[in-house]
K.L.:
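Have a look at this one.
Proteins get letters first, then strands, A, B, ... in listed order; numbering begins at 1 in each.
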Amino acid sequence: MDRVILIGYWLIALWVFSPAAISAPPSPSPDVKLQFVVESAIDAFYSNENSVLPIEDKYKKVVQVIESNYDMTVLIRRAIGRSWSRMNSTQQEQIVALIKELVLRTYVDRFTGTVRPSVNFLDAVEISNKRIEVPSVMNLEDQKFYVLYRLGLTRTGWQIYDIVIEGISIVSNYRQQFVDHFRRGTPEELIKKLENLVKEGAL
Amino acid sequence: MSHSMYKNFLLLCVLHCSFYSSSWAEDFLSEEDLYGESIESESSVIFDPLERYNRVVFNFNDHLYNLVIHPIAYGYTAITPEKVEIGAKNFFNNLRYPVRLVGNLLQGKFFGAWVETGRFTVNSTLGFCGVMSPSDKIDSLARVPNEDFGQVLGAYGMTEGPYLVMPIFGPTNFRDLLGLVGDRASNPFIQPWTVMDSQDWRLAYGAGRAVVNSPEISDRYLQMKGSALDPYGALKNAYTQYRNAAIQE
C-alpha cells in the first residue's frame, strides 16, 4: 500500500514541477508583440482620439506603451558598455532615465507628418533560441527606412537589445560616443551634457 | 505517511527544482551575453588619426549647414509643392544611373545592373525624362540598393583607411574619397568626362542637385545631431556603419 501511495506522490510531484505546469500562460510570440507595440506607439500620435492631443500628451502615451512592454535599460546598458561600471548606482539610474528620454523624444520627432507612417514587418529571423531579428520597412510620407529590431530572451522576457536603422546600430553609435566621452570626461559631466540635450530637445 | 516517504518526496522535489532551475538558467541570455566584454567587439574601431583636423572641419561644416544648407532646404520645401519636390528628386536620381550601373557591373551584380537599366529605360521614357517613376509599379523592377565606386573598392577588399571630414561634403574615408574619382569619371554630367560643354549647364546641374537633396540632408543631419552626445563621434560612427552595411549588402 505504501508503495502505491509513494508512486502516487511521485506522479503528482512530477506534474506539479513540470515546466508545462509552472510556465506562465502562453504569451504572443516576440515578433507579434513587437508589431503590436510599434503600431500602438504610432497610434499614440495618429489615431483619431489621440491626434487632437497636445504633443506632450502624445509623447507620454508613447512612453507608456513602450515602457509597459519593454525594459529599455537593456538597450541603454548595452550602449554604455564597459563604462557602466565607472558609475555609481545613482548615476546609472540618472543616465538611464536621461538617455531613455532623449531616445524616445528623437523617436517621436519622426512623427511630425500629417500622414500616418506605415510599417511593414518582414519575417522574423531566428539567430538562436534566445535571439531573433525582426526586419521592417517604415514608410514616412516619401521616405522609406529599413529598421531591424534585435530581440533577446532575458530573465524578464523578450527585450529589444538593439535597433538598426538603415544599417546603423543605435547601440554601437551611442557606445562610440560614450567611449569618446569617458576617455576624458566623468559621469557627472555626462549627466550635465545629457540634461542639456534633453532640455534643448524639449517638445 | 511514513518518515521514509516524506524523505523520498522532499528529495524528489529538491532534485526536480534544481534540474529545472538549471535548465531555465540556460534558456535566457546571461548578463555576460548581454553586457559582457564580448559586446565591445561588436562596435567597430574607426581609424581616425586626423581627428583634430577633422573636428575643425566638422565645426566649419556645422556652421555652414546651419547658415546655408538649412535655410536653403527650408526655403525650397516652403515654396515647392510636394509633387514637384518628388519629381525633381526622381529626375536627378535617374541621371545618376551610369554610376549605379558601373557600380553593379564591377561587383558582378548583374541582376542589379539589369534592374537599374530597366528602371532607367522606363523612367526616362514613360516617366518624362525621369521626373516620374513608373518603374516603382513594376514588380520585376523593384528598387535595388544604390552602388558606387566606394562600394566596389570595399567589395574588392580595400579597407576604409583613415576617416576624413571634407569641407562642405562632410564625412568620408580614404576609400570613399578614391571611389569619388570613379563616380565622377562614370557620371556624364560632371567633369572630367562630361557631355555638358557649357560651364553654366554644369553649374546648374550641380546647384540643382544640391538644392533638391538639401531637405533630406538637412533633415537627417538635424535628426542625428539632436540625439547625439557628441555629434562628431555620432556622425563618424553612423557614416562608417552605413557604408559598411552598403558594402555587405
Side-chain angles (χ1 to χ4, degrees), chain A residues 2 5-6 9-10 12-14 16-19 22 74 77-78 80-82 84 99 102-103 105-107 109-110 128-131 141-144 152-159 161-162 164-181 190 193-194 197 200-201, chain B residues 1-2 4-6 8-9 12-13 15-17 19-20 23-31 33-37 39-40 42-46 51 82 85-86 89 143 216 219-220 222-224 226-246 248-249:
Chain A
D2 273 1
I5 294 170
L6 184 65
Y9 269 105
W10 277 50
I12 291 166
L14 273 171
V16 167
F17 291 103
S18 70
I22 292 172
V74 174
R77 230 187 112 175
R78 280 176 62 84
I80 296 171
R82 64 161 72 105
W84 181 260
I99 299 174
L102 191 66
V103 170
R105 283 187 191 274
T106 311
Y107 181 71
D109 267 357
R110 283 264 144 232
S128 71
N129 60 343
K130 299 173 212 169
R131 289 177 199 259
E141 294 186 344
D142 64 324
Q143 287 181 312
K144 258 185 187 176
L153 185 57
T154 70
R155 278 172 199 275
T156 53
W158 285 93
Q159 301 292 350
Y161 69 82
D162 198 1
V164 184
I165 304 165
E166 294 281 322
I168 302 165
S169 145
I170 64 164
V171 164
S172 167
N173 193 270
Y174 270 106
R175 197 181 300 141
Q176 169 97 53
Q177 297 175 66
F178 287 123
V179 168
D180 287 349
H181 173 85
L190 178 64
K193 244 185 198 179
L194 285 167
L197 270 173
E200 280 170 24
Chain B
M1 200 189 299
S2 70
S4 65
M5 273 175 63
Y6 274 121
N8 272 332
F9 184 65
L12 181 74
C13 293
L15 281 173
H16 221 80
C17 285
F19 171 74
Y20 281 114
S23 67
W24 285 344
E26 289 164 9
D27 275 350
F28 46 76
L29 295 168
S30 65
E31 288 268 307
D33 291 334
L34 281 169
Y35 315 116
E37 286 295 308
I39 62 163
E40 299 296 335
E42 287 172 23
S43 45
S44 52
V45 177
I46 299 163
E51 185 172 343
E82 203 182 323
E85 251 183 74
I86 295 170
K89 210 167 141 186
R143 283 176 197 269
E216 197 175 327
D219 186 42
R220 291 196 178 190
L222 287 176
Q223 183 84 20
M224 180 282 301
S227 59
L229 275 173
D230 169 22
Y232 173 81
L235 189 61
K236 176 170 77 173
N237 179 283
Y239 177 80
T240 307
Q241 281 199 67
Y242 179 77
R243 292 298 290 170
N244 287 343
Q248 282 163 18
E249 208 162 27

K.L.:
Just by distance, do the side chain of A/Gln176 and the backbone of B/Asn237 share a donor-acceptor pair under 3.5 Å?
P.N.:
no
K.L.:
Where does A/Val164 contact chain B at under 4.5 Å (heavy atoms): side chain, backbone, both or neither?
P.N.:
neither
K.L.:
Side chain, backbone, both or neither: which part of A/Ser128 has a non-hydrogen atom closer than 4.5 Å to chain B?
P.N.:
neither
K.L.:
How many angstroms lie between atom CD of B/Glu51 and atom CG of A/Asp180, to the nearest 0.5 angstrom?
P.N.:
6.5 Å
K.L.:
So, taking the atom named CG in B/Asp230 and the one named NZ in A/Lys193, what distance separates them when rounded to the nearest 0.5 Å?
P.N.:
6.0 Å
K.L.:
Roughly how far, to the nearest 0.5 Å, is the CG atom of B/Leu229 from the CG atom of A/Leu102?
P.N.:
7.0 Å
K.L.:
Which heavy atom of A/Gly167 sits nearest a heavy atom of B/Ala245, and at what distance?
P.N.:
CA-CB, 3.8 Å
K.L.:
Counting only heavy atoms closer than 4.5 Å, note whether B/Ile86 contacts chain A via side chain, backbone, both or neither.
P.N.:
side chain
K.L.:
Could you tell me which residues satisfy side chain to side chain donor-acceptor pair (under 3.5 Å) with B/Arg220, sequence neighbours excluded, listed by chain and number?
P.N.:
none
K.L.:
Can you say whether B/Ala246 sits under 4.5 Å from chain A via the side chain, the backbone, both, or neither, judging by heavy atoms?
P.N.:
neither
K.L.:
For B/Tyr232, check ring pair (Phe, Tyr, Trp, His ring centres under 6.0 Å) against everything at least two apart and list the hits.
P.N.:
B/Phe58
K.L.:
With a 4.5 angstrom heavy-atom cut-off, could you sort out which part of A/Asn173 is near chain B: side chain, backbone, both or neither?
P.N.:
both
K.L.:
How far does OG1 of A/Thr154 sit from CZ of B/Phe28, to the nearest 0.5 angstrom?
P.N.:
8.0 Å
K.L.:
Are the side chain of B/Gln241 and the backbone N or O of A/Ser169 linked by a donor-acceptor pair below 3.5 Å?
P.N.:
yes
